[in-house]
Amino acid sequence: MLIPGFTGSPLDRADHLRQDAEALGRAMSDWRARLLRLDGIDPVLDDQGRLSWGSLAEAPEDAELLLLGLVDGRPHFAALDYAMPEAAARSMAIFRALDLLPPEEASTYAAARSLIDWHLRHRFCARCGSGDSAIHRAGWGRICKSCDTEHFPRVDPVVIMLAEHEGKVLIGRQPRYPKGRYSALAGFVEPGESVEEAVTRELWEEAGLRVRDVQYVTSQPWPFPSSLMMACVAQTDDPTLTIDTTELEDAFWIDRAGVEAAFNDDAAAAFLPPPPYAIAHTLFRWWLERR
Ligand SMILES: [Zn+2]
């Protein structure tokens, strides 16, 4: 079975606690409550390469507690420290951590990271512009004290897809990728589009391909800052490429043996595959195993 990255968290998100002030107060004073240890917004790992947790007493002064959920009935929190620098840049440390974290641990971290990042960037009310807003629903929202509007953490849908033609798939690279790395093509879903329509549009815009029979494969969160990656495969009858060089540095068709070589770390492979925590990795593996 394929397990996409950033999935499988043991957290029970305990929605019923978010609106229940008394129950939330009990969770915050529960001696078994745990606080996610962070270095800035990056995770702190224990010596087993898993997330490290401390007591709520470790929260920075003036930090607010966000209820991530329950694990075996124990409340698990993350601290929202407004003094934290914004997480716009991804550090080297986060990618080193992701090489170590199992998917279910990365999943818990992703929820915390996306939520903290959202709060840091959404202190002003998008409706009235007031800067006087407060955390709400145990951290899963903000409420504007000026106009009473509730705001909820956003998730940005992204499609990522393999175009397929006669046993080959299309791979491409963006200029910012590490040397040799190729991946599946991807793009944000726009307002008013279905997943299938976004896949069709992106493959047309980026590669000049007309595709049919878009099939959904699987999904995973991607907490940079808060995407939901939806992996698909689509068929084309005409493999002629017209590459949009503002998006892609290169793209080419590769057969099964070529993808297998890349995933087997073959020195002669035509490309370096995406890392296991990226959904493109899962998508390629799904494609290899499907045959
Ligand atoms: Zn407002």
Side-chain angles (χ1 to χ4, degrees), residues 1-6 155-222 224 227-291:
M1 195 180 77
L2 292 169
I3 299 173
F6 297 105
V155 173
D156 302 319
V158 175
V159 287
I160 180 162
M161 56 273 164
L162 290 174
E164 190 172 24
H165 178 73
E166 294 180 352
K168 294 183 174 183
V169 286
L170 181 66
I171 62 173
R173 64 171 273 115
Q174 297 175 13
R176 63 182 175 82
Y177 285 179
K179 192 167 178 287
R181 166 82 50 80
Y182 280 73
S183 188
L185 273 51
F188 285 102
V189 179
E190 294 189 348
E193 273 185 327
S194 68
V195 168
E196 291 83 353
E197 286 165 337
V199 167
T200 304
R201 175 182 54 76
E202 284 289 340
L203 285 171
W204 171 245
E205 287 176 359
E206 293 193 8
L209 294 178
R210 292 298 188 193
V211 299
R212 58 178 168 76
D213 299 335
V214 177
Q215 181 193 350
Y216 168 82
V217 177
T218 189
S219 70
Q220 74 166 56
W222 181 251
F224 307 106
S227 292
L228 173 63
M229 310 294 295
M230 294 174 289
C232 298
V233 61
Q235 307 300 317
T236 187
D237 299 316
D238 179 359
T240 312
L241 297 176
T242 308
I243 304 297
D244 174 2
T245 51
T246 59
E247 297 271 345
L248 294 175
E249 191 175 87
D250 185 32
F252 61 89
W253 293 98
I254 190 162
D255 63 12
R256 177 189 169 80
V259 175
E260 268 179 348
F263 277 78
N264 290 336
D265 295 327
D266 188 329
F271 73 104
L272 285 178
Y277 53 80
I279 196 165
H281 184 104
T282 310
L283 182 57
F284 280 118
R285 286 215 180 274
W286 171 86
W287 186 73
L288 288 174
E289 285 178 19
R290 189 182 53 153
R291 305 297 134 146

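As a basis for the values below, the full set of heavy atoms in this structure was taken, side chains included, without hydrogen atoms, waters or symmetry mates. For this chain, numbers begin at 1 and follow the sequence in order.
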| query | In Å and rounded to the nearest 0.5 Å, what is the OG1 to CZ distance from T282 to F6? | reply |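 Reported to 0.5 Å precision, the distance equals 11.0 Å.
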
Heavy atoms only: give me the nearest [X]-[Y] pair and the separation to one decimal.
X    : Y    : answer
H165 : T236 : ND1-O, 2.9 Å
R290 : V233 : NH1-CG1, 4.5 Å
A278 : Q220 : C-OE1, 3.8 Å
A270 : I254 : CB-CD1, 4.0 Å
L241 : A251 : CD1-O, 3.9 Å
Y182 : F252 : CE2-CE2, 3.4 Å

| task | Let me see the working for F188 and D156 under side-chain contact (heavy atoms from CB on, under 4.5 Å), right down to the final yes or no. | result | CA-CA 7 Å; F188 285 102; D156 302 319; 4.0 Å; yes

Side-chain ([X]) to main-chain ([Y]) donor-acceptor, under 3.5 angstrom:
X    : Y    : value
S227 : M229 : no
N264 : D266 : no
H281 : P274 : yes
E289 : W286 : no
E197 : S194 : yes

| request: Please lay out, stage by stage, how C232 and I160 fare under the test side-chain contact (heavy atoms from CB on, under 4.5 Å). | output: CA-CA 6 Å; C232 298; I160 180 162; over 6 Å; no

Is the shortest side-chain heavy-atom distance between [X] and [Y] below 4.5 Å?
X    : Y    : value
L162 : W287 : yes
Q174 : L248 : yes
R181 : P273 : no
P178 : L272 : no
L209 : L170 : yes
D250 : I243 : no
L203 : V199 : yes
S183 : I171 : no

| task | Salt-bridge test for R256 and E260: reply yes if a basic N is under 4.0 Å from a carboxylate O, no otherwise. | result | yes

| task | Can you label the angle between the F263 ring and the F284 ring as parallel, tilted or perpendicular, going by 30° and 60°? | result |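 The arrangement is tilted - the two ring planes meet at 30° to 60°.
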
| Which salt bridge (Lys or Arg N to Asp or Glu O under 4.0 Å) pairs, counting each pair once, include a residue from residues 204-214, with sequence neighbours left out? |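 Every pair satisfying salt bridge (Lys or Arg N to Asp or Glu O under 4.0 Å) with a residue in residues 204-214: R201-E205, R212-D237.
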
| said: Under a 3.5 Å cutoff, is there a donor and acceptor pairing between the side chains of W253 and E166? | reply: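 No, E166 and W253 have no side-chain donor paired with an acceptor closer than 3.5 Å.
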
| task | Starting from the C-alpha separation in whole Å, work towards a yes-or-no answer on side-chain contact (heavy atoms from CB on, under 4.5 Å) for L288 and V259. | result | CA-CA 8 Å; L288 288 174; V259 175; 3.9 Å; yes

| Can you name the one residue among I279, L283, L2 that meets side chain to side chain contact (heavy atoms under 4.5 Å, CB included) with T218? | I279

| message | Among residues at least two apart in sequence or on other chains, which ones pass salt bridge (Lys or Arg N to Asp or Glu O under 4.0 Å) with R173? | response |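 Applying salt bridge (Lys or Arg N to Asp or Glu O under 4.0 Å) to R173 gives E249.
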
